[in-house]
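Data block below; observations after.
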Amino acid sequence: MTRKGFVRAGFSTQFGISGAALAVALAWSAPALAQETPAADPAAAAQADEPEIVVSGFRASLNTALNQKRNETAAVDSIVAEDIGKFPDSNLAESMQRVPGIALSRGDGGEGRNISVRGLGAGFTRVRINGMEGTSQTGSSDIYGAGNSGRSFDFNVFPSEIFSALSVRKTTSADVEEGSLGATVDLKAPKPLDFDKDFTLSATARGVYNEISKKVDPRASLLVSKKFADGTFGILGSFAYQKRHIREVGYSAVDILASNTNGLAQPLLGAPAGSTISFPFCTPVGGFTYNGNVYNSPIIGLAGKGATAANCSTGNPRASDPAAFADVFNHGVTVTTNPRTGAITVVGGTQAFLPRLPRYVNSEQDTERLGGTLTLQFSPDDDTDISVDALYSRYDVTRRDNYIAGISFGRSVTNNGQPMTSVRDVEFDQNGSLVYGLFDGVDVRSEGLVDHWISDFKQGNLNFRHRFNDSLELTMFFGMNQSVWWGPKRFQTFIDAIDTDNFSIDFRDGGSVPKLGFGFDVANPANFSYAPALSDGTVLGGFSFQGKPSKNQTDNLTAEVNTDWNVTQGVKLKVGAQYRRSDYSAWNSSPYSADTIVRALPAGTTLADITTTIDGLDKLFGSGAPASWVAVDPDKWDQVFDFDSVRFCRVECGAGASRIREDVKSLYAMTTFDTGEDFFLHMRGDIGVRYVRTDMLASGYIAVSAPAGSTPTNLRGQYAQVLRGYDDWLPSGNVAIDLTPDLLLRLSAAKVLARPELGQLAPTSGITATTRTGNINNPYLDPIRADTFDAALEWYFKPGSLLSVAYFKKDIKSFVQRVTSQIPFNELGLPVELLDNTNTAPTETFTIGQPVNTPGGPLEGVEVNAQVQLDFLPGFLSHFGVLANYTHVTSTIEYILASANGVPTVTTTADLIGLSKNTASGTLFYEDKKFSIRATASYRDRYIRGIPASTGSDLQGNSPNMFVDASASYAFNDHIKVILEAQNLTDERNNLYIDSTRRDTLFQTRIGRTINFGVNFQF
């Protein structure tokens, strides 16, 4: 017995349909019923037209996906495995680049991590695995966010080989669960009764080579499927494994700061009491003259710093060139007067911008990814289908980052930073960006970071479908999944060279990345130190622990029931109910304070004994990178100082802990209709409404004091807990109209919502009483709601081919922004003990950042899509085909940068964060019976990564990029095929920048080209 792949009718459930809506649907279908046309069931028609999962080749997978798209009433794009156990790309997110409207966000090593859809970022997209919403969280380097602790889905957790298809639903229906403004992505694993043959085995073995890491790594997969009892029962298991050694090299500024950020203030001579003048660097010998008065900075005799007429600090001569110093100071001199006291504040260098921590980057990762599925399926007849699915994936990563950096530009006078640095030569462009700088008295640091994290996902679900008669069908679903992101270790080691001379930052060759000159041999450990800090604030190396061990865990449960009733010919009524629970918890750790003290190297141990070298950046990255630099070897450091002896504690030490539990109950009612082809226009569609009740529990721990001494004692704090709920009615409708047999018009409208990020909802806070600043989360955030409209015209002008254009508009009613406000402490609802021993009164005003609901704005765009089989061409040219798509999106969001008493005081208007105005993808492919080859280019326009940025800069952004990939295969026979794939053929680099005008580089790395080669066996 051969059965088609079964997808349960109604992945979610909710109730509510108006009599008017049902009447409209019946009216549409009435003419067809009067003509006694045969019943046209769109779901049945789609199922009848859908090929088996077993397709052969890239062209067949495209045709299968195109048929699925045409049969849908909503806007749905699909990607289908081109062979058993062979997804079109090595990464799920990278496969979706070919879908119109999707832009890819890459993480460490250039691997696809998550997606944005039609300008809406990953947090606005929901992902379902085998019909159940899933959560997938991973870590990453700090520049990419350090880790995902929200609702965004990280696709790189999963090996692509364990899935047979994915679909991207851009418009919703009442039977699709809520939670997405962008799209709902469905990942589907194969089922045993989907295959023609009673026994199927497919195995693939590959080697993966990258030109930066220069290693060949293994990747393998296996799928076995067997049918029993005349094809009524089947078992399918799949397994995939991959091990990678990734290396990424580049440059990072960490941030770009105005030169006054770490400047040093002193009394302004000849001005009212309390007046000050601030200087960004150490003044030249003889001082600097401002308004006829001569100033030395640091002030001669500055307590404990060793500043004299000849020295910026102890043993650090004043070497600033008078002209260079004046150039920095005069780039943006601001003068303000306190209207109450008359005190004058003069600040120099506010428009001279410098990298905060200019440094070269070497990042290496050892990754291990494995996944598997197990499915039992029983289908005694065409009316009944029961299946049990289990899925597991594990992604284990150890990342080792190393930096060689000038760190004085990110330091204040407290630890002898920029105010003790001399500027010998300097040049800025017309926007204030640094072109060239030569400095003395710069502290140079070799820093290492080890970050080990593991992401685990497991899911089990039960599917049941039974058709009682020609009119009534019942489907039920129950599933549970768990996502755990566990970080057992994240620690930093560093060695320092103090007050070095001839440090240079050079952009004069016109590139986006500078050449850094360190002025001494950074490969010699004798030039660095590792010892306890000095009493004057000088740091001589050390280590730190960064919130680990830590754990984020999300437990999801879904239960639903759906009914499908044929009311009359061409009209169905679907009614269902669903219950979902999402229980998210997170905690991190702090070390005992006694275990964080930097100890001197033991007698007889030198830096050479605990260090290694980082080699090869001069050839792999260029841009003046050193051929080698010395760095702490974490394993050798561990042998000397014993990492395992460090004691950690959690909330009892003041570390964070939070929990967000959401219980979502929903009902829906929806009618589907099909007028039949005898009606003057063949129309099919759905109209319905979904009712959703969300109940949320949010709790978090607010620490009051750190542990006393070396043990976690005397900690005072409090747990905060918030219970709240809200209701939503979400109507939706989709209609597909066959204007001609080949020309299809789609129209869709709906109300949708996306819930706020989990981290924003936790009732936790952190304040610094001495500076009267802090951040407080907001468990009372409302969902982001929107009204959506979509229209598309699709021309299926020949089999396997499509030309289409789509228009979409989303009226986003609200948005969530972190807004800075001035609020008295006693109105924050925080324990007053937070102010103990700080000399800060409860009535004093604090500058508080808090996520709040703000007005949204419109988002609209156009998609153009083409899939053309060139089989009309002569000879071998008939085996070619083309895929191409382009999306243009615009949005207008007002960002509130500051407010007072709830009233915005500083605003700016910009695109939605994560929105690229232009994205495009193109694929040229060739395929015959044995040979297949294709190349894909994907372009993403620049986009905003964050608003606001540092003082003096309006935003952080990502530069445009284009990645080119290729794939080829040759089948010797029906059982053996060789595979060759290549990623990033043009050696593209990803570039992050700050400020929309200056576009100063924050981060740029080279990931290199990656080659996959392997063989597939099928039996």
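In what follows, residues are counted from 1 in the order of the sequence shown.
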Between [X] (side chain) and [Y] (backbone), is there a donor-acceptor pair under 3.5 Å?
X	Y	value
Ser252	Val254	yes
Thr493	Val632	no
Thr283	Ser297	yes
Asn984	Arg1009	no
Glu988	Met962	yes
Asp401	Leu449	no
Glu364	Glu248	no
Thr613	Ser628	no

Pairwise distance [atom1]([X]) to [atom2]([Y]) - rounded to 0.5 angstrom:
X	Y	atom1	atom2	answer
Asn402	Arg400	CG	CZ	9.0 Å
Thr336	Ile344	OG1	CD1	9.0 Å
Gln983	Thr986	CD	OG1	12.0 Å
Asp965	Gln97	CG	CD	6.5 Å
Arg999	Ile256	CZ	CD1	15.0 Å
Ile246	Ser363	CD1	OG	8.5 Å

Compare all side-chain heavy atoms of [X] with those of [Y] and state whether any distance is below 4.5 angstrom.
X	Y	answer
Ile404	Val444	yes
Asn311	Asn316	no
Phe329	Ser278	no
Val442	Asp499	no
Ser916	Arg942	no
Asp321	Val423	no
Thr611	Asp633	no

Practice task
Before giving the answer on side chain to side chain contact (heavy atoms under 4.5 Å, CB included), spell out for Ile495 and Tyr530 the whole-Å C-alpha distance, their side-chain angles and the decisive distance to 0.1 Å.
Solution key: CA-CA 5 Å; Ile495 52 179; Tyr530 184 94; 4.0 Å; yes
Non-hydrogen atoms of [X] and [Y] that approach each other most closely:
X	Y	value
Arg411	Gly417	CB-CA, 3.4 Å
Val598	Ala531	CG1-O, 3.7 Å
Gly624	Lys515	N-CG, 3.9 Å
Cys282	Pro298	SG-CD, 4.0 Å

Do the two ring centres, one from [X] and one from [Y], sit under 6.0 Å apart?
X	Y	value
Phe281	Phe439	yes
Phe518	Phe503	yes
Phe325	Phe288	yes
Phe279	Tyr295	yes
Phe491	Phe543	no
Phe494	Phe528	no

Handout entry: side-chain hydrogen bond (donor to acceptor under 3.5 Å, both in side chains) between Asp1000 and Ser433, intermediate numbers included
Key = CA-CA 7 Å; Asp1000 294 321; Ser433 295; 2.6 Å; yes
[X] to [Y] six-membered ring, cation-pi geometry met (6.0 Å, 45°):
X	Y	answer
Arg508	Tyr436	yes
Arg998	Phe353	yes
Arg356	Phe409	no

Exercise for the section: With side chain to side chain contact (heavy atoms under 4.5 Å, CB included) as the test, would you mind laying out the steps for Val346 and Thr276 before giving the verdict? Expected result: CA-CA 6 Å; Val346 178; Thr276 61; over 6 Å; no
Exercise for the section: Inspect the surroundings of NZ in Lys215 and state if more than 12 heavy atoms from other residues, nucleotides or ligands are less than 6.0 Å away. Expected result: no
Problem - Presence of salt bridge, Arg399 and Asp451, under 4.0 angstrom - result: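 Yes, Asp451 and Arg399 are salt-bridged.
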Exercise for the section: Using a strict cut-off of less than 4.0 Å between a Lys/Arg side-chain nitrogen and an Asp/Glu carboxylate oxygen, indicate whether Asp987 and Arg989 qualify as a salt bridge. Expected result: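 No, Asp987 and Arg989 are not salt-bridged.
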Practice task
Begin from the C-alpha positions of Lys305 and Asp536 and carry the test salt bridge (charged side-chain N to carboxylate O under 4.0 Å, His left out) through to its verdict.
Solution key: CA-CA 6 Å; Lys305 298 298 183 181; Asp536 68 352; 5.8 Å; no
Problem - Residues which pass side-chain contact (heavy atoms from CB on, under 4.5 Å) with Asp911, listed by chain and number, not counting sequence neighbours - result: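 Per chain and number, Asp911 pairs via side-chain contact (heavy atoms from CB on, under 4.5 Å) with Ser891, Leu915, Lys917, Ile944.
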Practice task
Answer with yes or no whether the side chains of Ser959 and Asn991 bring together a donor and an acceptor at under 3.5 Å.
Solution key: yes
Handout entry: Residue of the set Asn210, Asn362, Ile1007 for which side-chain contact (heavy atoms from CB on, under 4.5 Å) holds with Arg247
Key =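 Looking at Asn210, Asn362, Ile1007, the match for Arg247 under the side-chain contact (heavy atoms from CB on, under 4.5 Å) is Asn362.
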Practice task
Could you walk me through whether Glu211 and Arg1006 pass salt bridge (charged side-chain N to carboxylate O under 4.0 Å, His left out), step by step?
Solution key: CA-CA 10 Å; Glu211 67 175 324; Arg1006 182 183 177 213; 3.4 Å; yes
Handout entry: Step-by-step side chain to side chain contact (heavy atoms under 4.5 Å, CB included) determination, Gln1004 to Ser512
Key = CA-CA 9 Å; Gln1004 184 185 114; Ser512 58; 3.0 Å; yes
Exercise for the section: Could you go through the side chain to side chain contact (heavy atoms under 4.5 Å, CB included) check for Val361 and Val249 one step at a time? Expected result: CA-CA 5 Å; Val361 177; Val249 294; over 6 Å; no
Practice task
Just say parallel, tilted or perpendicular for the rings of His331 and Phe428, cut-offs at 30° and 60°.
Solution key: tilted
Exercise for the section: Check the pair Arg424, Ser320 against side-chain hydrogen bond (donor to acceptor under 3.5 Å, both in side chains), reporting the backbone distance first and the verdict last. Expected result: CA-CA 5 Å; Arg424 292 170 46 195; Ser320 285; over 6 Å; no
Practice task
Check the pair Asp443 / Arg445 against salt bridge (charged side-chain N to carboxylate O under 4.0 Å, His left out), numbers first and verdict last.
Solution key: CA-CA 7 Å; Asp443 298 340; Arg445 170 170 290 178; over 6 Å; no
Problem - Full working for side-chain hydrogen bond (donor to acceptor under 3.5 Å, both in side chains) between Gln492 and Ser544 - result: CA-CA 5 Å; Gln492 174 196 43; Ser544 69; 2.7 Å; yes
